[in-house]
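Here is the structure we will look at, set down as structure tokens.
Since the model is a prediction, treat every value here as computed from it, not as a measurement.
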Amino acid sequence: MRLIVGLCLVFAPSARAQSIVAPVEGLGRTVVAAPIPWLAAPSMIVPSALLSPSLSAPSAALFQVPAPVKLEAVDAAVVRFSAIDLKSAPAADVRGGGDALMLRALGAVVPEAPVGVLASPSAGDAPLSPSEPGTAKAPAPDPHVHLLSNPLHATVELGLLARVLHYAVEIGLQLAKAALAWHATGSPAAALGVLAFEAIKVPPMITAQSLADLGLRWWWKRLAAVRRLADTPGVTRVRVLTTGEVEFAGILARRKENVGLVFVDAKDSLPADIPGFGAPLGVRNLDERRVRLTLIHEGDADSNEWTPTLNELLSGAPIPPGIAEAWRARLDADKKDKTPLRRLFDFKKEKELRIEARLGAADEAPRTVVFGRSVKRLIGLGRWDRLKALFGAAPARRAIPISDTIVERGGVKVVNGAVRRAWRRLTGRLLVRP
């Protein structure tokens with residue numbers, strides 16, 4: 001510091017040397033600077049070409065009245081600049097952060113950057129905000145991802161005719177096989193033997209066919225909803241985190257209720273309200289925003305939470321083994337007196353069994369993402385998992401099911417390959433819009 005004061009006395013005009021710099025003893029928390037004539041023209045110190053347009057406009061006004069420069073302000077500017085990822089951040093953010101740091105060091109009063117332009121450590125806990133249509137968005141490394149406020153809630157059910165057909169088709173098929181055996185061998189005993197053998201497969205076949213029927217109905221309803229979203233200008237991708245609960249009537253899967261959180265990617269601004277889906281809520285920093293997933297069992301929340309990032313959740317990351325084991329122990333706590341075989345054939349429906357997600361602040365309303373028997377399948381308590389557990393096999397790691405549909409616009413091909421494009425369009429994972 002004495003060296004800096006000496007240099008100022010040497011290069012400053014001698015007639016006014018005593019009025020330029022006041023004596024400074026040691027390194028204090030503040031630096032007191034006397035009025036210096038060259039601070040009125042900042043272009044002599046910092047070339048105006050190095051400043052961003054927002055800072056170089058009337059920059060002389062920032063230096064008209066020199067004030068004590070607090071080291072805390074400089075430290076804050078350094079921390080803010082160090083939070084910028086120089087490899088992936090846009091050039092405008094890096095240039096703006098450097099200009100702000102330089103002006104802070106020179107003692108200028110720099111206005112704070114708007115929230116969301118630069119990355120901050122608390123971005124993962126920020127509440128979701130409605131998308132602003134028609135306004136320019138600051139460049140960001142993440143795509144413009146939006147969570148639709150209304151989930152995709154749909155119920156599919158087999159009517160009376162469909163239920164009768166499932167039974168009639170399967171039983172008629174077995175009778176046809178028995179008649180064919182009788183005609184081929186001429187022996188009624190052979191026909192009865194074939195019929196007895198095929199009758200064993202009737203219950204599981206009816207269950208599988210009814211499940212497939214409900215799944216196809218749900219796929220078609222979800223595809224119709226995705227097509228409506230694809231018709232919204234600007235939408236380039238639709239992802240749905242979806243699970244369902246099936247209700248049985250005997251061996252027949254009769255009804256299926258589905259709930260899904262809808263995420264859309266858009267290059268441009270979205271409307272303030274999308275019919276049937278509500279307002280789009282902008283989501284930033286997918287790699288930093290944490291999603292809190294909590295198990296709710298009979299009205300009580302489990303203390304163990306799964307907190308993946310939103311990018312991991314949308315990429316199909318499986319549930320961690322530790323969390324799955326803790327949730328399995330919670331559900332099996334009231335069944336310790338039952339043997340593994342009795343647990344396998346336990347068809348009792350759990351009350352209020354669901355997994356809730358919070359994507360913003362702690363006071364945000366939770367959204368149900370998994371419920372019913374889907375929770376058990378996710379954490380490894382499904383029928384197949386319990387059957388494998390009898391032979392010592394560990395439960396499989398699973399992720400929340402997600403459907404991903406790409407929307408092509410303006411004749412620009414995102415998916416290449418004729419066979420691949422045809423298959424994606426057939427399954428509804430690729431939609432082409434003008």
Side-chain angles (χ1 to χ4, degrees), residues 128 130-131 133 143-159 162 210-247 253-283 286 291 310 313-316 354-357 359 365-372 374 399-410 414-415 421-434:
L128 303 181
S131 175
H144 296 281
V145 180
H146 304 266
L147 168 65
L148 302 186
S149 56
N150 296 339
L152 179 59
H153 190 186
T155 302
V156 291
E157 186 174 3
L158 298 182
S210 58
L211 285 174
D213 191 356
L214 287 177
L216 184 61
R217 291 168 186 257
W218 157 243
W219 172 83
W220 185 256
K221 184 168 286 191
R222 178 186 57 79
L223 183 59
V226 172
R227 284 173 176 168
R228 293 200 306 271
L229 287 174
D231 292 334
T232 304
V235 173
T236 59
R237 189 179 185 183
V238 181
R239 286 174 284 186
V240 183
L241 282 171
T242 176
T243 56
E245 171 74 357
V246 180
E247 295 182 6
R254 179 177 178 180
R255 185 173 180 269
K256 184 177 182 181
E257 182 182 3
N258 299 271
V259 172
L261 298 184
V262 184
F263 294 84
V264 297
D265 295 7
K267 293 183 178 179
D268 303 322
S269 299
L270 293 176
D273 183 81
I274 300 178
F277 296 95
L281 306 175
V283 182
L286 300 184
V291 183
L310 189 55
L313 195 63
L314 294 178
S315 300
R354 65 186 184 274
I355 296 178
E356 293 182 345
L359 286 85
R367 296 174 170 87
T368 300
V369 292
V370 188
F371 66 101
S374 300
I400 300 177
I402 182 171
S403 66
D404 192 351
T405 302
I406 298 175
V407 182
E408 291 184 352
R409 295 186 178 277
V414 179
V415 179
R421 286 178 59 85
W423 175 248
R424 280 182 168 267
R425 296 192 68 173
L426 182 64
T427 56
R429 292 185 295 162
L430 174 63
L431 297 178
V432 179
R433 291 295 182 269

task: Could you give me the CA-CA distance, side-chain angles and deciding distance for Leu359 and Val283, then say whether side chain to side chain contact (heavy atoms under 4.5 Å, CB included) is met?
output: CA-CA 9 Å; Leu359 286 85; Val283 182; 5.7 Å; no
- prompt: Could you go step by step and tell me if Lys221 and Asn258 meet the side chain to side chain contact (heavy atoms under 4.5 Å, CB included) rule?
  reply: CA-CA 10 Å; Lys221 184 168 286 191; Asn258 299 271; over 6 Å; no
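- For the atom pair Leu313 CG and Ile402 CD1, the distance stands at 7.0 Å (nearest 0.5 Å).
- With salt bridges taken as basic N to acidic carboxylate O contacts below 4.0 Å, none links Arg227 and Asp231.
- Nearest heavy atoms, Pro280 versus Ala272: CD-O, 3.6 Å.
- Among all heavy-atom pairs drawn from Lys267 and His144, the shortest one is O-CD2, 3.9 Å.
- Inter-residue side-chain proximity for Phe263 and Leu241 is flagged as met; some heavy-atom pair is nearer than 4.5 Å.
- Judged by distance alone, with hydrogens and angles left aside, the side-chain atoms of Arg254 form no donor-acceptor pair with the main-chain N or O of Glu247 at under 3.5 Å.
- Between the Arg409 side chain and the Val235 main chain, a donor and an acceptor come within less than 3.5 Å of each other.
- Side-chain N or O atoms of Ser210 include one that pairs as donor or acceptor with a backbone N or O of Ala253 at under 3.5 Å.
- Between Pro271 and Thr232, the shortest heavy-atom contact is CD-CG2, 3.9 Å.
- To the nearest 0.5 Å, the span separating CZ on Arg239 from CD1 on Ile406 amounts to 10.0 Å.
- In this structure a side-chain-to-backbone donor-acceptor pair under 3.5 Å is present from Ser374 to Gly244.
- How far OG1 of Thr236 is from CG of Asp265: 5.0 Å, rounded to the nearest 0.5 Å.
- Between Thr242 and Trp218, the closest side-chain pair of non-hydrogen atoms falls below 4.5 Å.
- Considering all non-hydrogen atoms of both residues, Leu148 and Ile274 come closest at CD2-CD1, 3.9 Å.
- Using a 4.5 Å heavy-atom threshold, the side chains of Ser403 and Arg222 count as touching.
- The shortest side-chain heavy-atom distance between Glu257 and His153 falls under the 4.5 Å cut-off.
- For the residue pair Ala230 and Val407, the shortest heavy atom distance occurs at CB-CG2, 3.9 Å.
- At least one donor-acceptor pair under 3.5 Å links the side chain of Thr243 to the backbone N or O of Val369.
- The distance from the CZ atom of Arg367 to the CD atom of Glu356 is 11.5 Å, given to the nearest 0.5 Å.
- Here CZ of Arg354 is found 5.5 Å from OG1 of Thr368. Values are rounded to the nearest 0.5 Å.
- The shortest heavy-atom contact between Glu408 and Val414 is OE2-N, 2.8 Å.
- Here the CG-OG1 distance, from Leu214 to Thr155, works out to 11.0 Å after rounding to the nearest 0.5 Å.
- For Arg429 and Trp219, the positive end is not near the middle of the six-membered ring at less than 6.0 Å and at most 45° from its axis.
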